[in-house]
Amino acid sequence: LALLLPHAHATVVLVDPGHGGEELGAVGALPGGRKVMEKDLSLRLARKIQDKLRPHVTVFLTRSLDRAVTLQERADLADKVKADLFISVHFNSSPDHGAHGYETYYLNNSADAAVRKVEQKENLGLKGEELVVNQILIDLVIQQTLSASRSLAQNVHRELGGHLRPTGLTNRGVKAGLFYVLALSKRPGLLLEAGFVSNPKELKTIQQEEFLERYARAVVSGVLAHLKIQKGP
């Protein structure tokens with residue numbers, strides 16, 4: 001049966017393009033005024049990661065089109081496809097248009113003020129009872145997945161450091177944060193912030209095909225290193 005199924009691999013990775021549909025994510029503008037939305041960039045990058053992972057593992061996207069997907073729907077899909085790893089793809093934003101660089105997050109508790117701002121952006125819309133329930137869930141999931149999530153983030157970010165050096169983007173490091181999409185997925189995962197849409201100079205770089213290709217190659221190399229899978233010739 002396995003011979004009849006394309007890409008029938010033991011490991012399953014779910015790649016999650018952030019936002020979608022009416023949820024635009026961060027919005028920036030290129031010289032000339034053309035708007036660039038995080039939801040579009042994250043989908044472009046997620047597709048590239050999917051394409052490059054396919055020869056090595058079974059890989060799915062939480063969305064392949066420009067549509068809204070709730071946090072719960074993303075988590076339900078992780079269960080449905082029996083994902084081993086969950087990778088959420090985002091681009092950053094800041095009121096300070098000079099803020100720049102890329103960073104990689106895994107699920108854990110952190111008191112860092114800068115991390116809190118990213119958490120607020122990515123957890124937007126959660127309130128009241130939902131927040132309380134998810135806080136309990138996060139505590140449980142952190143205990144179960146912390147070690148593997150941190151290892152995954154470190155492997156991926158190490159590859160990003162090498163692949164992205166020619167782009168001139170600042171390496172902001174690996175950080176721990178409280179992200180509900182990672183907690184709800186209930187498996188080892190990371191959240192990528194691949195540069196600042198709010199920085200006009202950086203936006204010119206991160207929306208280019210060459211940058212997205214470099215970033216995707218780095219993510220795949222890091223995932224395979226974490227899984228101890230050889231890329232081959």
Side-chain angles (χ1 to χ4, degrees), residues 15-20 23-53 61-63 66 86-106 110 112-124 152-177 179 181-182 189-223:
V15 182
D16 172 46
H19 311 287
E23 190 182 332
L24 308 182
V27 179
L30 291 167
R34 181 168 73 85
K35 291 282 193 296
V36 177
M37 291 174 280
E38 181 184 1
K39 65 171 186 173
D40 297 328
L41 273 183
S42 65
L43 181 56
R44 286 172 62 196
L45 179 52
R47 282 173 171 161
K48 289 182 181 297
I49 293 171
Q50 181 190 36
D51 288 345
K52 295 179 192 315
L53 270 174
L61 297 179
T62 56
R63 66 178 178 95
D66 180 19
F86 184 87
I87 300 174
S88 195
V89 180
H90 293 261
F91 287 79
N92 222 331
S93 179
S94 172
D96 174 10
H97 289 181
H100 58 282
Y102 60 94
E103 50 201 8
T104 304
Y105 287 87
Y106 62 95
S110 172
D112 187 283
V115 171
R116 292 284 183 218
K117 290 180 181 178
V118 178
E119 291 170 0
Q120 289 166 9
K121 177 176 83 77
E122 302 304 345
N123 296 336
L124 199 63
L152 175 63
Q154 289 169 342
N155 275 289
V156 167
H157 201 80
R158 186 181 306 116
E159 293 294 330
L160 286 170
H163 283 74
L164 297 185
R165 195 168 292 117
T167 70
L169 258 71
T170 299
N171 183 340
R172 296 167 65 98
V174 176
K175 301 177 181 180
F179 299 104
V181 69
L182 294 184
L190 54 80
L191 186 143
L192 304 167
E193 292 282 359
F196 281 79
V197 171
S198 53
N199 181 321
K201 181 180 178 183
E202 187 151 291
L203 180 58
K204 285 176 64 178
T205 298
I206 64 179
Q207 57 86 39
Q208 292 175 2
E209 285 293 302
E210 181 185 353
F211 173 84
L212 297 176
E213 283 285 328
R214 281 183 179 275
Y215 198 103
R217 285 199 300 271
V219 171
V220 171
S221 293
V223 168

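Predicted model, so just to flag it, every value in this text is computed and none were measured. Here, residue 1 is the first one in the sequence, and each next residue gets the next number.
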(message) Please report the interatomic distance OG1(T104) to CZ(R172), rounded to the nearest 0.5 Å.
(response) 11.5 Å

(message) salt bridge (Lys or Arg N to Asp or Glu O under 4.0 Å) for E209 and R44? Distances and angles first, verdict last.
(response) CA-CA 9 Å; E209 285 293 302; R44 286 172 62 196; 2.6 Å; yes

(request) Applying side-chain contact (heavy atoms from CB on, under 4.5 Å), run through H100 and K201 and close with a yes or a no. (result) CA-CA 9 Å; H100 58 282; K201 181 180 178 183; over 6 Å; no

(message) Side chains of F179 and E119, heavy atoms from C-beta outward: is any pair under 4.5 Å?
(response) yes

(message) A quick test of your reading: do over 12 heavy atoms of other residues, nucleotides or ligands sit less than 6.0 Å from CZ of R116?
(response) yes

(request) Drop me the distance from K35's NZ to L30's CG, to the nearest 0.5 angstrom. (result) 10.0 Å

(request) Could you tell me which non-hydrogen atom of V181 sits nearest to which non-hydrogen atom of S88, and how far apart they are? (result) CG1-OG, 4.0 Å

(request) With the side chain counted from C-beta on, respond yes when V223 and V156 share a heavy-atom pair under 4.5 Å apart, and no when they do not. (result) yes

(request) Could you tell me the separation between the CG atom of L192 and the OH atom of Y215, rounded to the nearest 0.5 Å? (result) 4.0 Å

(request) Consider only side-chain N and O atoms of E38 and H19, and report whether a donor and an acceptor are under 3.5 Å apart. (result) yes

(request) Return the minimal non-hydrogen interatomic distance between S198 and S93, and the atom names on each side. (result) OG-CA, 3.4 Å

(request) Scan M37, H90, R63 and name whichever one has a side chain to side chain contact (heavy atoms under 4.5 Å, CB included) with S42. (result) R63

(message) Would the distance check show the side chain of E202 and the main-chain N or O of G101 forming a donor-acceptor pair, the cut-off being under 3.5 Å?
(response) yes

(message) To the nearest 0.5 Å, what is the distance between CG on L45 and CD1 on I206?
(response) 10.0 Å

(message) Between F91 and L203, is there a side-chain heavy-atom distance shorter than 4.5 Å?
(response) no

(message) Suppose we call two aromatic rings close when their centres sit under 6.0 Å apart. Are H97 and F196 close by that rule?
(response) no

(request) Starting at CG of L212, measure out to CG of L41 and round the result to the nearest 0.5 Å. (result) 6.5 Å

(request) Please round to the nearest 0.5 Å and tell me the distance separating atom CZ of F86 and atom CG of L190. (result) 9.5 Å

(request) Apply salt bridge (Lys or Arg N to Asp or Glu O under 4.0 Å) to E23 and K39, showing your working. (result) CA-CA 7 Å; E23 190 182 332; K39 65 171 186 173; over 6 Å; no

(request) Determine the minimum heavy-atom distance between P166 and R214, stating which atoms define it. (result) CG-NH1, 3.5 Å

(message) So which atom in V89 and which in V15 form the shortest heavy-atom distance, rounded to 0.1 Å?
(response) CG2-CG1, 3.9 Å

(request) Decide yes or no for V118 and K175: does some side-chain heavy atom of the first lie under 4.5 Å from some side-chain heavy atom of the second? (result) no

(message) Measuring only between side-chain heavy atoms, which start at C-beta, is N92 closer than 4.5 Å to Y102?
(response) no

(request) Would you check if the side chain of E159 reaches a backbone N or O of N155 as a donor-acceptor pair within less than 3.5 Å? (result) no

(request) For H157 and V174, work out which heavy atoms get closest and say how close. (result) CB-CG2, 3.3 Å

(request) Identify whether the distance between the nearest side-chain nitrogen and carboxylate oxygen of E213 and K52 falls below 4.0 Å. (result) yes

